[in-house]
Trainee: 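Below you'll find the structure I mean.
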2 protein chains.
Amino acid sequence: MKQDSRLSGVLHVLLHMAQQPGPFTSETLARAMDTNPVVIRRIMAGLREIGYVRSEKGHGGGWTIACDLSKVTLRDIYAALGNPPLLAMGNRTESPGCLVEQAVNAALDQAFDDAEALLLARLGEVTLAMLGEDLRKRLGARKHQGMSAHRA
Amino acid sequence: MKQDSRLSGVLHVLLHMAQQPGPFTSETLARAMDTNPVVIRRIMAGLREIGYVRSEKGHGGGWTIACDLSKVTLRDIYAALGNPPLLAMGNRTESPGCLVEQAVNAALDQAFDDAEALLLARLGEVTLAMLGEDLRKRLGARKHQGMSAHRA
DNA sequence: TTTCATGTAACTTTATATGTTACATGATGA
DNA sequence: TCATCATGTAACATATAAAGTTACATGAAA
């Protein structure tokens, strides 16, 4: 399975936006992320629907953060993306008649469910504000070396 | 991402094999799994290399279990498959120069790593023998209803 | 009314699991 | 020896989903 990097991507966008007032055009954000404006709009669409960000058309338009960063967790952002699958593995058949497969599914599901629950719990523990705080620390550390946030 | 069902599949095969002496041809196993013999050979190849199963060519050939089912865990089987990715999500860039992305990766990696570790730990707690025991219970329960393991 | 920016559909590209065909290799049995 | 059976494996086909791209409609600002 090709890995899904939308959560990673949208967090990157939000964190960039949190560094300065905005608004930011999809074009600008796409350049910073080294991708395409349409990809930005796509991953931001879910966040707009829930109200975490706003978008405006026309001159001076673009994307703006519209939520309290200390109230929104990574899990909330994940949900805004539509709760895409977390695990790369799954059962061959979901409701098999074969008892052998039922036994296999039962064992695997226990492990899978536990792992999913833990992942969601961990994502729920981190707010966007905490991410921003961590970033500020990293920026401070690098400043002492005279470097910008965008060396790459 | 399309989900990987090889672990589910290979466990199904092993559990089927554990029910009777064997050997079993890929053809037979493929029919029971409703798939192709080559698929069976493919998912069994790793297990053969490690020595969990043996395969023989020619008349009377096929696959045989060659390990102590109470000593091999689902995690061992997973490893025999070559440790395929567990999570459907990942970071956009693995070693980014951008500090924003580094901060995002750090936060996500913590959650991802925890979830992976838990999943592997859970898989490590279940042996093939335990799976077989669970299956026997299910077979017993169904026998009281006069049904076979292959109703589907 | 021109320009800018988003919204979105449609298509292409890429990655990966799964399914299939074809054939080589080697073991068994007549 | 030789026909048959079964695995081993390469090569190709199909399916699914993410990511990238193009094209154009919509609507806001200058």
Side-chain angles (χ1 to χ4, degrees), chain A residues 1-10 12-13 17 22-49 53-66 78 81-94, chain B residues 1-10 12-13 17 22-49 53-66 78 81-94:
Chain A
M1 186 195 285
K2 196 178 182 179
Q3 279 204 323
D4 182 344
S5 66
R6 278 177 293 184
L7 181 57
S8 168
V10 78
H12 192 164
V13 168
M17 291 173 64
F24 302 82
T25 67
S26 305
E27 173 72 32
T28 303
L29 294 170
R31 254 199 312 271
M33 306 267 300
D34 196 44
T35 181
N36 193 290
V38 177
V39 174
I40 301 291
R41 293 187 194 119
R42 213 142 51 187
I43 62 179
M44 297 289 276
L47 278 67
R48 183 188 52 225
E49 277 168 35
V53 298
R54 253 199 333 268
S55 64
E56 308 277 359
K57 294 179 176 178
H59 279 100
W63 299 90
T64 321
I65 289 178
Y78 164 74
L81 293 176
N83 298 298
L86 294 173
L87 298 184
M89 313 189 66
N91 294 321
R92 270 169 23 96
T93 310
E94 222 36 73
Chain B
M1 189 190 283
K2 195 177 183 179
Q3 280 203 323
D4 182 345
S5 66
R6 278 175 294 184
L7 181 57
S8 169
V10 77
H12 192 164
V13 168
M17 291 173 64
F24 302 83
T25 67
S26 305
E27 173 72 32
T28 302
L29 294 170
R31 255 199 313 269
M33 307 266 301
D34 196 43
T35 182
N36 194 292
V38 177
V39 174
I40 301 292
R41 293 188 193 120
R42 212 140 54 187
I43 62 179
M44 297 288 278
L47 277 68
R48 183 188 53 226
E49 278 168 34
V53 296
R54 253 199 333 270
S55 64
E56 308 281 358
K57 294 180 178 178
H59 279 100
W63 299 90
T64 321
I65 289 179
Y78 164 75
L81 293 176
N83 298 299
L86 293 173
L87 299 184
M89 314 189 64
N91 295 321
R92 271 171 23 96
T93 311
E94 222 37 69

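Everything numeric in this text was worked out from a predicted model, so none of it was measured. Only heavy atoms go into these numbers, but all of them, side chains included; no hydrogens, no water, no symmetry mates. Numbered from 1 within each chain, the chains take letters A, B, ... in sequence-line order.
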Trainee: Roughly, in whole Å, what's the span from CG in A:Asp4 to P in C:dA17?
Mentor: 15 Å

Trainee: Would you say B:Arg48 reaches D:dT7's phosphate, i.e. side-chain N/O to OP1/OP2 under 4.0 Å?
Mentor: no

Trainee: Quiz question: going by heavy-atom distance under 3.5 Å, is there a donor-acceptor pair between the base of C:dT16 and the side chain of B:Lys2?
Mentor: no

Trainee: Please list, chain by chain and in numerical order, all residues satisfying side-chain contact (heavy atoms from CB on, under 4.5 Å) with A:Asp34, sequence neighbours excluded.
Mentor: none

Trainee: Let me know the distance between CG of B:Leu87 and P of C:dT16, rounded to the nearest Å.
Mentor: 15 Å

Trainee: Not counting sequence neighbours, list each pair that qualifies as a side chain to side chain donor-acceptor pair (under 3.5 Å) and has a residue in residues 35-44 of chain B.
Mentor: B:Ser26-B:Arg41

Trainee: Under the rule for side-chain contact (heavy atoms from CB on, under 4.5 Å), what residues qualify as partners of A:Arg31, not counting sequence neighbours?
Mentor: A:Glu27, A:Thr28

Trainee: With side chains defined as the heavy atoms from C-beta onward, is the minimum distance between A:His12 and A:Met33 less than 4.5 Å?
Mentor: yes

Trainee: Using whole Å, report how far CD of A:Gln3 lies from C1' of C:dT14.
Mentor: 14 Å

Trainee: Apply side-chain hydrogen bond (donor to acceptor under 3.5 Å, both in side chains) to B:Ser8 and list each qualifying residue two or more places apart in sequence or on a separate chain.
Mentor: none

Trainee: Nearest-Å distance, CZ (A:Arg92) to C1' (C:dG19)?
Mentor: 13 Å

Trainee: Nearest whole angstrom, please: distance from the C1' of D:dT7 to the CD of B:Glu27.
Mentor: 12 Å

Trainee: Whole Å only: how far is the CG atom of B:Leu29 from the C1' atom of D:dA6?
Mentor: 12 Å

Trainee: Got a sec, which residues hit side-chain hydrogen bond (donor to acceptor under 3.5 Å, both in side chains) with B:Glu56, two or more places apart in sequence or on another chain?
Mentor: none

Trainee: So do the side chains of B:Leu87 and A:Leu87 get within less than 4.5 Å of each other, counting heavy atoms only?
Mentor: yes

Trainee: Think B:Ser26 has a side-chain N or O under 4.0 angstrom from the OP1 or OP2 of D:dA6?
Mentor: no

Trainee: Of all residues at least two apart in sequence or in a different chain, which pass the side-chain hydrogen bond (donor to acceptor under 3.5 Å, both in side chains) check with A:Glu49?
Mentor: none

Trainee: Taking only N and O in the side chain of A:Ser5, is any of them less than 4.0 Å away from OP1 or OP2 of D:dA19?
Mentor: yes

Trainee: Scan residues 37-44 of chain A against DNA chain C and write down, sorted by residue number, each residue with any heavy atom closer than 4.0 Å; if none is found, say none.
Mentor: A:Val38, A:Arg41, A:Arg42

Trainee: Report the distance from atom CG of B:Asn36 to atom P of D:dA11, rounded to the nearest whole Å.
Mentor: 18 Å

Trainee: Please state how far atom CZ in A:Phe24 lies from atom P in C:dT6, giving the value in whole angstrom units.
Mentor: 12 Å

Trainee: When you measure from the side-chain N and O atoms of B:Thr35 to the phosphate of C:dG19, is any distance below 4.0 Å, counting only OP1 and OP2?
Mentor: yes

Trainee: With a 4.0 Å heavy-atom cut-off, tell me which residues in residues 54-61 of chain B come close to DNA chain D, sorted by residue number.
Mentor: B:Ser55, B:Glu56, B:Lys57, B:Gly58, B:His59

Trainee: With sequence neighbours excluded, what pairs up with A:Ser5 under the side-chain hydrogen bond (donor to acceptor under 3.5 Å, both in side chains) test?
Mentor: none

